[in-house]
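Since the structure comes first, as structure tokens, the remarks are kept for the end.
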Amino acid sequence: MLNITELKGNWNETKGKLKQKYAMLTDNDLLLIEGKQDELMGRLQSKMGKTKEELHKIISEL
């Protein structure tokens with residue numbers, strides 16, 4: 001599972017890969033704001049119908 005520091009460090013690249021793989025995601029869906037990581041994960045869970053663990057796995061495999 002990625003920690004938040006790793007996620008932030010590569011976020012622009014990861015965001016692009018997520019948008020390629022999951023076309024329904026928008027820039028607003030993938031907005032990573034300092035201190036709002038839980039909100040981001042909640043948005044992704046809702047939009048993609050995945051659990052937090054599934055999302056961590058998807059992101060770490062990109």
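In this text, all values refer to a predicted model and were calculated from it rather than measured experimentally.
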Using modelled atom types only, decide if a donor and an acceptor are shared between the side chain of W11 and the backbone of L30 within a distance under 3.5 Å.
yes

Expected output: side-chain S60 to main-chain H56 donor-acceptor under 3.5 Å:
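The answer is yes, because a donor-acceptor pair under 3.5 Å joins these two groups.
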
Given the rule in the side-chain contact (heavy atoms from CB on, under 4.5 Å) test, do L25 and M48 qualify, once you have shown the distances and angles that lead to the verdict?
CA-CA 8 Å; L25 297 176; M48 297 172 68; 4.0 Å; yes

side-chain contact (heavy atoms from CB on, under 4.5 Å) involving K57 - partner list, sequence neighbours excluded
E61

Sequence neighbours excluded, the answer for side-chain contact (heavy atoms from CB on, under 4.5 Å) partners of T26 is N28, D29, K47

For E39, check salt bridge (charged side-chain N to carboxylate O under 4.0 Å, His left out) against everything at least two apart and list the hits.
K36

Apply side-chain contact (heavy atoms from CB on, under 4.5 Å) to residues D38 and K52 and explain how you reach the verdict.
CA-CA 10 Å; D38 289 337; K52 190 179 262 191; 3.9 Å; yes

Could you give the side-chain donor-acceptor pairs of residues 16-23 under 3.5 Å, partners two or more places apart or in another chain?
| from | atom 1 | to | atom 2 | distance (Å) |
| --- | --- | --- | --- | --- |
| K17 | NZ | E13 | OE2 | 3.2 |
| K19 | NZ | D27 | OD1 | 2.5 |

Euclidean distance, N10 CG relative to I59 CD1, rounded to 0.5 Å:
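Here the rounded value is 11.5 Å.
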
Minimal non-hydrogen separation, Q45 against K50, with atom names
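Of all heavy-atom pairs spanning Q45 and K50, the closest is CG-O, 3.2 Å.
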
